[in-house]
Amino acid sequence: MAYNHHEIEEKWQKRWTEDSLFSVDVNKLDDKYYVLVMFPYPSGDKLHMGHWYQYGVMDTWTRYQRMNGKKVFFPMGFDAFGLPAENFAIKHGIHPKESTTKNANYMMNQFKKMGVSYNFDYALDTSKEDYYKWTQWVFLELFKNGLAYKKEAPVNWCNSCQTVLANEQVKDGACERCDSSVIQKNLNQWFLKITEYADKLLSNLDSLDWPHKTLAMQKHWIGKSTGTEIEFKVDKLDIDFKVFTTRPDTLHGCTYVTFAPEHPEVLNFVSDSQREAVLDYIEQTKKVSEVDRLTVSDQKTGVFTGAYAINPINQEKVPIWISDYVLFSYGTGAVMAVPAHDERDFDFANAFDLPIRQVIVKKGESEGTLDKAFTDAGEMIHSKKYDGLSSLDVKKQITDDLQAMNKGEAKVNFRLRDWLISRQRYWGSPIPIIHCDDCGSVPVPEDQLPITLPENVEFKPMGESPLKACDSFMNVECPQCKKPALREADTLDTFMCSSWYYLRFPNVGNNDQAFEQGITDKMMPVDKYVGGPEHACMHLLYARFVNMVMKDLGHTIHEEPFTSLTHQGMILGSDGQKMSKSKGNSVSPDGYVEDYGSDILRLYLCFGFSYVDGGPWDDSGIKSMSKFVDRVARLLEDQKHVFGVSDAFGDDLNSDEKKLLFVYNNSLKGVTTDVVKFQFNTSIARIMELYNAVSDYLKAVDPDKQNQAVLSFVLKNLVVILSPFLPHICEEWWETLGQSKSVSLEVWPEVNEKFLELDEIQMAVMINGKVREQIKVAKDSDDDTVFAAAVKSTKVQGYLEGMNIVKKIHVKGKLLNLILKKA
RNA sequence: GCCCAGGUGGCGAAAUAGGUAGACGCGUUGGACUUAAAAUCCAAUUCCAGCAAUGGAGUAUCAGUUCGAUUCUGAUCCUGGGUACCA
């Protein structure tokens, strides 16, 4: 049963398409099972080994689900807008539309050659008008409901990409895409109010079947913190300001107040004598922030403003400073400094000789000199009426008291910031807004969508959107007052495209709506979503947000888009480093597909790694996959004669046959439970055990005594079980064995527990916790029987000599442990 | 610094409601077949000692709980991921 992988791959791919074997019609699909793998970017690198790992192995998983009766919807598309195509265009002078279309077509072809069972009828491309028309619609829905707004704000600017970035797209102060350093710029940009959904984004996490790690990352990224907002007054001036603190219990220990340097209020109370120093410092931080305000240093800097604040709890007058350790963008941009109980305040107070007053001590201890801030809870001191109380209780009391005085209230703050979606780049969806001098930002009427991206544009990055230079695009009339107006020139962050694509898939081809509620409510949520962990705080957060908004606007009934999430691991270069062109360690799958075939590469990717971990690429194992498949092929060839025989066998089985059926059922059980858990490596190990058992049986039993019915049964099912892992080869085998229907239409076999119960079991005999002997006993033997069997062994007797048995521990079916002591 | 994972043979990895550590595979070694090689088949393979039977050690390190710990508890070290003054 030798095979030519080129021929059979082509043959079966063609057959699958002709017979529409994996096609579904979402209109007729009830009780759906929506499987989605994060769609790729159509880059010039085509499908690389990582893609194969992600898409090939997930296809196996999906084929398995289908054979288990799931009515699978498994679409695929391209996240085609984005910087790489644009940069490629700038470098080589090929239009992004041309290069992405070419790459997408090529990659789609690769998918087909891979033999994946996608619903190709539902493919989409985010850079095509029939898709981005609706991305623009999604934006307008947000805009019309007050969730999109434009504001002047300090934003992250990547000089190399010549565009702004959302907070999530900045990693360690560097651009997530190109790794060059990010600076701050004040610009007027579009934001989406994701912060309005912070609470729901956080609380819903508990209901998701997602990796613990990812939930933790999102939780941390959202960063909810519960505290108190306290109103201070500037001494001698009619200025009030608020500070946010999670430790209102330390309010009596506040010995100064610090403002962020860019806080506009500062200029209203700075004293004349300090004005110059303050302005200097503000200038200085502007410069520093452009270099690396990101690096945390213990060396605190700051300047006294000459003004004083009045602490509302005790009317105490404390100095107001400015320092860059206070962030303008978080809380109120000003903090009450309690050096005794906050590490940053402590460092600052020491640097500038400010007083440190301890107001909490460890319970039962008295006040001492602090060599660092005491941040734990404890017992109140120097806090007037609160003295002696537990600081934990005082948090609430003091907040209540402040509220009664109208000087404060409980407040929740989030670390999450609004999502910046403007990009000063060409290759993205235009933002459907028209700027009119009289009417302001006017949404493009829905019937005018899509705002088509013009093709004849000079798209060299110049710090502002290339569309700005395209007069025919820019000049329009205002939809409201009909006066001349200008289009928004920025394009949408590509994360906007991928934030709703799962809603579009079941609706591909619908030209009247982004998604039809009847279909969407039926098809959503995605039952299994798979993709890389690098999207934990970007795509996965944005998608949840957009879906939530769509639900609140009544377009869908599901609040969470992805019920269950799994991250595949990453295939690294053989040097253990992330594969990249610049490191020269990337590995192409194409050569292996050519030499061994798509099935063998897929099998190796399943077997050689644990799926969620990934690991360095090493091709020394791929040959062994090929050898294994050859062995199975030879076995089937040798046993060809049994396939004409009925596979019905009776109860009259000898021990060899029972043994074979034990391994068969045990392997099947293992594969059945492991595949759903993404443990493809152990699944294949179980199948190899089955092969070994068959081969042992054939060696142990004379050919004329071999039970052909049992063999026929086991071998047929071996092909069935292998088929999700080797889709083409198994189809070919299945056909050769005389089957007329596709093997992928077979129902996954059921485990027969009867054969997993053995009459006689092997047990370990331990002496003082060490395994010394193996005995065989009937199953369900009681303590005495097992003990009797154990002491029959001369080896055990040797250990017992001159010893007393102190204790016997019998774990049924597993072991007997004898605890001995010298007599 | 903080948070979260993880550390098991020469290698990829299995096994955790506490119960025979190393399944399955790679590699290596020996053997069969062959004029020879490849392919295939058989056997061995955690380490140390021993011809062997066998004995001892062993799941990052050190303690602890237990008849019994890769699994539970505490401390330490290392690797990876996240985060970076969030008040």
Side-chain angles (χ1 to χ4, degrees), chain A residues 170-173 211-221 223-225 227-228 243-247 250 258 260 293-298 300 323-327 329-338 341-345 347-348 375 413-417 533-534 536-537 567 570 576 604 607-610 612-613 615-625 627-628 630-631 634 667 670 674 679 681-692 695 699 762-774 795 806-820:
Chain A
V170 181
K171 294 246 179 305
D172 292 328
H212 173 81
K213 191 176 121 186
T214 311
L215 293 174
M217 274 167 72
Q218 285 213 356
K219 214 172 234 176
H220 183 222
W221 192 262
K224 181 175 183 169
S225 86
T228 306
V243 299
F244 174 74
T245 178
T246 54
R247 295 294 304 273
T250 64
T258 315
R293 187 163 157 188
L294 296 144
T295 331
V296 182
S297 96
D298 297 340
K300 297 275 188 279
S323 171
D324 65 1
Y325 83 87
V326 177
L327 304 175
S329 52
Y330 184 79
T332 62
V335 301
M336 63 178 224
V338 185
H341 303 289
D342 180 281
E343 278 160 31
R344 296 150 304 182
D345 298 341
D347 291 341
F348 191 82
T375 54
N413 253 311
F414 292 93
R415 203 187 89 102
L416 181 70
R417 303 292 150 78
E534 67 274 16
C537 292
H567 296 305
M570 199 192 284
Y604 177 58
F607 181 68
F609 306 82
S610 49
V612 296
D613 293 340
W617 174 254
D618 171 14
D619 63 7
S620 61
I622 193 163
K623 211 175 202 167
S624 69
M625 292 299 104
K627 285 183 183 175
F628 171 69
D630 288 345
R631 274 200 294 272
R634 276 197 299 276
S667 298
D674 287 359
Q679 294 189 16
N681 52 351
T682 52
S683 301
I684 292 163
R686 295 292 88 80
I687 298 177
M688 287 171 165
E689 280 170 1
L690 175 57
Y691 166 83
N692 291 341
S695 142
K699 265 179 263 168
Q762 187 172 293
M763 283 184 69
V765 180
M766 299 172 105
I767 307 291
N768 289 333
K770 291 202 167 178
V771 182
R772 298 298 184 183
E773 179 65 310
Q774 299 285 343
K795 200 170 166 197
V806 186
K807 207 170 176 182
K808 297 179 211 167
I809 297 136
H810 174 214
V811 183
K812 265 200 177 165
K814 302 230 158 157
L815 54 84
L816 174 72
N817 190 6
L818 301 176
I819 310 307
L820 308 183

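Residue numbers start from 1 in every chain, and the chains themselves are labelled A, B, ... in the order their sequence lines are given, proteins ahead of strands.
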Looking only at N and O atoms, is any donor in the side chain of A:Arg686 or the base of B:rA23 less than 3.5 Å from an acceptor on the other one? yes
Mate of B:rC24 where both pairing distances stay under 3.5 Å, Watson-Crick or G-U: B:rG12
Nucleotide B:rC85, atom C1' - distance to CG of A:Asp342 in whole Å: 9 Å
Taking B:rC47 as the reference, what is the distance to B:rU28 when you measure between their C1' atoms (whole Å, please)? 16 Å
Let's see if you can work this out: which of B:rG55, B:rC41, B:rC24 has an atom nearest to the side-chain heavy atoms of A:Tyr691? B:rC41
What is the distance from atom CD of A:Gln762 to atom CD of A:Gln774, rounded to the nearest 0.5 Å? 4.5 Å
Using the P atom as the reference point in each nucleotide, state the distance between B:rG9 and B:rU71 in Å, no decimals. 15 Å
If B:rA84 has a Watson-Crick or G-U wobble mate with both distances under 3.5 Å, name it; if not, just say none. none
At less than 4.0 Å, is any side-chain N or O atom of A:Thr682 found next to OP1 or OP2 of B:rA13? Yes or no. no
Length of the CE-P vector between A:Met625 and B:rC24, whole Å: 13 Å
Nearest heavy atom decides the nucleotide; on that basis, is A:Arg772 or A:Gly331 closer to the 5' end of RNA chain B? A:Arg772
Any strand, both distances under 3.5 Å, Watson-Crick or G-U wobble: B:rA43 pairs with B:rU29
Check for a donor-acceptor pair, side chain of A:Asp342 on one end and backbone N or O of A:Asp345 on the other, with a separation under 3.5 Å. yes
Can you check the distance between B:rU40 and B:rC26, where both ends of the measurement are the P atom (answer in whole Å)? 10 Å
Does A:Tyr325 have A:Lys300 sitting over its ring (NZ/CZ under 6.0 Å from centre, angle to axis within 45°)? yes
Taking only side-chain nitrogens and oxygens of A:Lys213, does any of them come within less than 4.0 Å of OP1 or OP2 of B:rC4? no
Whole Å only: how far is the NZ atom of A:Lys770 from the P atom of B:rG19? 19 Å
Between B:rA15, B:rG19, B:rG25, which one does the side chain of A:Phe607 approach most closely? B:rG25
Are any of A:Gln218's side-chain N or O atoms less than 4.0 Å away from OP1 or OP2 of B:rC4? no
Output the single nucleotide from B:rA23, B:rC85, B:rC67 whose closest atom is nearest the side chain of A:Lys807. B:rC67
Contact class for A:Asp630 vs. all strands (heavy atom < 4.0 Å): base, sugar-phosphate, or nothing? nothing
A:Ile687 CD1 to B:rG25 P, in whole Å, measures 13 Å
Residue met sooner reading RNA chain B from 5', once A:Asp345 and A:Leu815 are mapped to nucleotides: A:Leu815
If you look at every strand shown and take non-hydrogen atoms under 4.0 Å, does A:Phe628 touch a base, only sugar-phosphate, or nothing? nothing
Looking at every strand, decide which applies to A:Gly223 at a 4.0 Å heavy-atom threshold: base, sugar-phosphate, or nothing. nothing
Which glycosidic conformation, syn or anti, is assigned to B:rG58 if syn requires a torsion within 90° of zero? anti
Side-chain (A:Lys795) to main-chain (A:Arg772) donor-acceptor, under 3.5 angstrom: yes
Looking at B:rU20, B:rC4, B:rC67, which one has an atom nearest to any side-chain atom of A:His212? B:rC4
Options B:rU20, B:rC67, B:rA14, nucleotide nearest the side-chain atoms of A:Asn817: B:rC67
Starting from P on B:rG81, measure out to NZ on A:Lys171 and report it in whole angstrom. 12 Å
Evaluate whether atom NZ of A:Lys219 has more than 12 neighbouring non-hydrogen atoms of other residues, nucleotides or ligands under 6.0 angstrom away. no
Using the P atoms only, state how far B:rU16 lies from B:rU76, rounded to an integer number of Å. 30 Å
Indicate, with a heavy-atom threshold strictly under 4.0 Å, whether A:Glu343 touches base, sugar-phosphate, or nothing. nothing
Going by modelled atom types, is there a donor-acceptor pair between the base of B:rC67 and the side chain of A:Lys808 at under 3.5 Å? no
In whole Å, what is the span from the CG atom of A:Asp613 to the C1' atom of B:rA13? 10 Å
Within the distance-only criterion (no hydrogens, no angle test), does the side chain of A:Glu689 pair as donor or acceptor with the backbone N or O of A:Ser667 below 3.5 angstrom? no
Classify A:Asp618 by what it touches in the nucleic acid, base, sugar-phosphate, or nothing, heavy-atom distance under 4.0 Å. nothing
The side chain of A:Val326 lies closest to which of these nucleotides: B:rA14, B:rC42, B:rA87? B:rA87
Proximal nucleotide (of B:rA14, B:rU20, B:rG82) relative to the A:Ser610 side chain: B:rA14
Any-strand Watson-Crick or G-U partner of B:rU34, both distances under 3.5 Å: none
Can you find a side chain N or O atom of A:Ser225 that sits less than 4.0 Å from OP1 or OP2 on B:rA87? yes
B:rA14, OP1 or OP2 - any side-chain N/O from A:Asn681 closer than 4.0 Å? yes
Pairwise P distance, B:rA63 and B:rG50 [rounded to whole Å]: 29 Å
When you compare B:rC62 with B:rA69, how far apart are their P atoms, in angstrom units rounded to a whole number? 15 Å
OP1 or OP2 of B:rC4 less than 4.0 angstrom from a side-chain nitrogen or oxygen of A:His220, does that happen here? no
B:rG19 -> Watson-Crick or G-U wobble partner, both distances under 3.5 Å, gives B:rC67
Among the nucleotides B:rU40, B:rA87, B:rG82, whichever has the atom closest to the side chain of A:Lys627 is B:rU40
Under 3.5 Å, side chain of A:Ser610 to main-chain N/O of A:Val612, donor-acceptor pair present? no
Rounded to the nearest 0.5 angstrom, the CZ-OG distance for A:Phe414 and A:Ser225 is 8.5 Å
B:rA21 to B:rA57 separation - P atoms, rounded to the nearest Å: 13 Å
Can you tell me the distance, in whole Å, between the CD1 atom of A:Ile684 and the C1' atom of B:rA13? 13 Å
Counting only Watson-Crick or G-U wobble pairs whose two distances fall under 3.5 Å, which nucleotide matches B:rU76? B:rA60
Take atom C1' in B:rA14 and the same atom in B:rG55, then report the distance between them in whole Å. 28 Å
Answer whether the closest heavy-atom distance between the side chains of A:Tyr604 and A:Phe628 falls below 4.5 Å. no
Output the rounded distance in Å from CZ (A:Phe609) to P (B:rC26). 15 Å
With distance as the sole test, does A:Asn768 use its side chain to make a donor-acceptor pair with the main-chain N or O of A:Leu820 at under 3.5 Å? yes
Base-pairing mate for B:rA52 - Watson-Crick or G-U, with both contacts under 3.5 Å: none
